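Step one of this worksheet: look at the structure below.
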Amino acid sequence: MGNTLRPRNIRSGTDTGPRVDRCAAAQAVCDRGTLYVPDIQGALHAYDTDSGRRLWSWRPEPTAPSLLQAPRIVDDSVFVTWTGPSSSQPWALQALHADTGRPRWPGPLRLLPPEHWMISDDKLFAISSGAGTGAPWLATYDAYSGTLLWQKQLSDRVVGKPMASEKSFHLAHPDGHVSSWDALTGENRWTVRVAKSLRTHPVAMGEHVLITSWDPGRLIALDNAQGTIAWQGTPRRAAALMTPAYLTGSSAWAVSRAGVLQGWGLDTRRRLPGEREDLLWNPVEQGIPQVWDGVLYVVTGNGNLQAIRLDGTI
């Protein structure tokens, strides 16, 4: 298979890269023919997936971390995060050139441990814990230079990650509020309460922002410009939704705390017929289910991997 990394090429060739069994395979990421693999000694290696040839290696200096997190690749940059050997040391993030592995920024960003971060266009948004008070900080950086553009302290915690939409981004808060912010200035565009409790991030969809709620469990569509509720599904008993809305074509899907997969027609704004009720999983242990090319992948609590095509029927 042309896109499969061949371990024997790394082990027996003239390349002096690490052995495969010393790599943190669970943190590996493949993007456009390149496999990015952190090793257990705190270095990141890039391999060509066709030949297995090592392209470059990079290690944070001067102190190597205990383990790099899974890198994120955006356009021609690789974003790498890590913490030091001591839990008291700040969290760090560096941007690398994808083709050479050389740092883009003069030095890494060093912040209090972040709750969430994301890249959108040329900006990096990071939400980090507040020292002492517990109130998180929201900061925006230039993704190419690492320069701080603006930062401010939020009044409430954030669940899930920030979600960008054109020149703004949106946050979900555990007390049921959704807030929208200007990406250039950091000004609050609107804040609206849509539920008693939220557990995951919003999703941008054209003129709307979709949010799945925990209490009550339903799908809600907000007007992106004003924050008003455009439409919302009928709440269902014991349908506490734990995942964000997964968009596929003209439908949206989410999985509840009870392991039930349900869908909504975005054109009809009604719940789709049929349900799957065997998708119990632990978010702490198995993470949040992901969708690629219209297929939902769920690792359930018993260790089984299920792949479900979200095509309007279940």
Side-chain angles (χ1 to χ4, degrees), residues 74-75 115-127 135-143 148-235 241-254 262-272 288 291 310:
V74 179
D75 296 329
E115 297 178 4
H116 307 284
W117 64 280
M118 66 163 290
I119 304 290
S120 178
D121 295 329
D122 57 350
K123 294 179 179 59
L124 182 150
F125 304 98
I127 300 172
W137 282 87
L138 173 63
T140 300
Y141 300 85
D142 184 285
L148 176 66
L149 301 178
W150 55 263
Q151 66 176 349
K152 62 174 51 183
Q153 194 165 25
L154 302 174
S155 59
D156 191 14
R157 293 185 299 113
V158 175
V159 293
K161 61 184 179 181
M163 182 55 60
S165 173
E166 296 183 350
K167 296 182 180 181
S168 60
F169 63 96
H170 317 288
L171 304 175
H173 306 275
D175 65 354
H177 284 86
V178 178
S179 60
S180 181
W181 305 80
D182 188 296
L184 298 177
T185 65
E187 295 181 1
N188 178 237
R189 299 174 63 234
W190 48 259
T191 299
V192 59
R193 190 176 189 187
V194 298
K196 296 179 181 178
S197 178
L198 300 175
R199 295 293 179 91
T200 189
H201 62 79
V203 174
M205 186 196 69
E207 298 179 352
H208 294 135
V209 177
L210 301 182
I211 184 72
T212 55
S213 60
W214 173 269
D215 182 16
R218 61 182 169 190
L219 177 68
I220 303 162
L222 302 176
D223 180 85
N224 194 352
Q226 305 295 329
T228 54
I229 296 179
W231 58 270
Q232 56 187 343
T234 302
L241 298 176
M242 296 182 66
T243 70
Y246 303 115
L247 303 181
T248 58
S250 60
S251 58
W253 303 81
Q262 52 190 310
W264 296 264
L266 297 177
D267 295 331
T268 63
R269 302 179 179 181
R270 295 181 178 180
R271 191 165 58 89
L272 297 175
I288 298 298
V291 170
L310 306 178

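Source: prediction; values computed, not measured.
- Taking both residues in full, the closest heavy atoms of T243 and A254 are given as OG1-CA, 3.4 Å, listed atom of the first, atom of the second, then distance.
- Using a 4.5 Å cut-off on side-chain heavy atoms (C-beta onward), H201 and K161 make contact.
- The line from CD of E207 to OG of S165 is 10.0 Å long, rounded to the nearest 0.5 Å.
- Residues L247 and L210 form a side-chain contact, since some pair of their non-hydrogen atoms from C-beta on lies under 4.5 Å apart.
- Under the side chain to side chain contact (heavy atoms under 4.5 Å, CB included) criterion, A143 pairs with F79, sequence neighbours left out.
- How far CD1 of I211 is from CD1 of I229: 11.5 Å, rounded to the nearest 0.5 Å.
- Residues satisfying the side chain to side chain contact (heavy atoms under 4.5 Å, CB included) test with A195, not counting sequence neighbours, are L198, S213, P216.
- Partners of S180 by side chain to side chain donor-acceptor pair (under 3.5 Å), not counting sequence neighbours, listed by chain and number: H170, R189.
- Taking the side chain as every heavy atom from C-beta outward, L124 and W117 approach each other to under 4.5 Å.
- Contact record, Q153 with A135: NE2-O, 3.2 Å, taken as the closest heavy-atom pair.
- Shown here are the side chain to side chain donor-acceptor pair (under 3.5 Å) partners of W190, two or more places apart in sequence or in another chain: there are none.
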For T200 and I288, run side-chain contact (heavy atoms from CB on, under 4.5 Å): C-alpha distance rounded to whole Å, both residues' side-chain angles, the deciding distance at 0.1 Å, then the answer. CA-CA 10 Å; T200 189; I288 298 298; 5.8 Å; no
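- No side-chain donor-acceptor contact under 3.5 Å links H116 to the backbone of I127.
- With sequence neighbours excluded, the residues that form a side chain to side chain contact (heavy atoms under 4.5 Å, CB included) with Q151 are W137, A139, L148.
- Side-chain contact between T228 and V192 is absent, with no heavy atoms from C-beta onward closer than 4.5 Å.
- Between the OG atom of S179 and the CG atom of D156 there is a distance of 9.0 Å, given to the nearest 0.5 Å.
- In this structure, V209 and P202 approach most closely via the heavy-atom pair CG1-CB, 3.7 Å.
- Remark: side-chain polar atoms of W150 are paired, donor with acceptor, to backbone N or O of A183 under 3.5 angstrom.
- Put simply, the side chain of L184 reaches to within 4.5 Å of the side chain of K123, judged on heavy atoms.
- Across every non-hydrogen atom of D182 and T185, the tightest pair is OD1-N, 3.1 Å.
- Going from atom CD of Q232 over to atom CG of L222 covers 9.0 Å, rounded to the nearest 0.5 Å.
- Contact detail for A245 and T212: the closest heavy-atom pair is N-CG2, 3.9 Å.
- The environment of R269 atom CZ is dense: over 12 non-hydrogen atoms of other residues, nucleotides or ligands sit within 6.0 angstrom.
- Between V159 and W214, every side-chain heavy-atom pair lies at or beyond the 4.5 Å cut-off.
- When the salt bridge (Lys or Arg N to Asp or Glu O under 4.0 Å) test is applied to R271, the partners found at least two apart in sequence or on another chain are E275.
- With sequence neighbours excluded, the residues that form a ring-ring contact (aromatic ring centres under 6.0 Å, His included) with F125 are F169.
- Residues satisfying the side chain to side chain contact (heavy atoms under 4.5 Å, CB included) criterion with S250, sequence neighbours excluded, are D267.
- Contact annotation: the side chain of L241 approaches that of Q262 to within less than 4.5 Å [non-hydrogen atoms, C-beta and beyond].
- A search for side chain to side chain donor-acceptor pair (under 3.5 Å) contacts involving D223 returns nothing, not counting sequence neighbours.
- A donor-acceptor contact shorter than 3.5 Å links the side chain of K152 to the backbone of G186.
- The side chain to side chain donor-acceptor pair (under 3.5 Å) test applied to D121 returns no partner, not counting sequence neighbours.
- Looking at H173, its side chain never comes within 3.5 Å of a backbone N or O of V158 through a donor-acceptor pair.
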Would L310 and S251 satisfy side-chain contact (heavy atoms from CB on, under 4.5 Å), going step by step from the backbone distance to the final call? CA-CA 8 Å; L310 306 178; S251 58; 5.7 Å; no
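- Of all heavy-atom pairs spanning M163 and A204, the tightest one is CG-N, 3.7 Å.
- Looking at H177 and D175, their side chains do bring a donor and an acceptor atom within 3.5 Å of each other.
- Proximity of N224 to S168: side-chain heavy atoms (C-beta onward) are separated by under 4.5 Å at one or more points.
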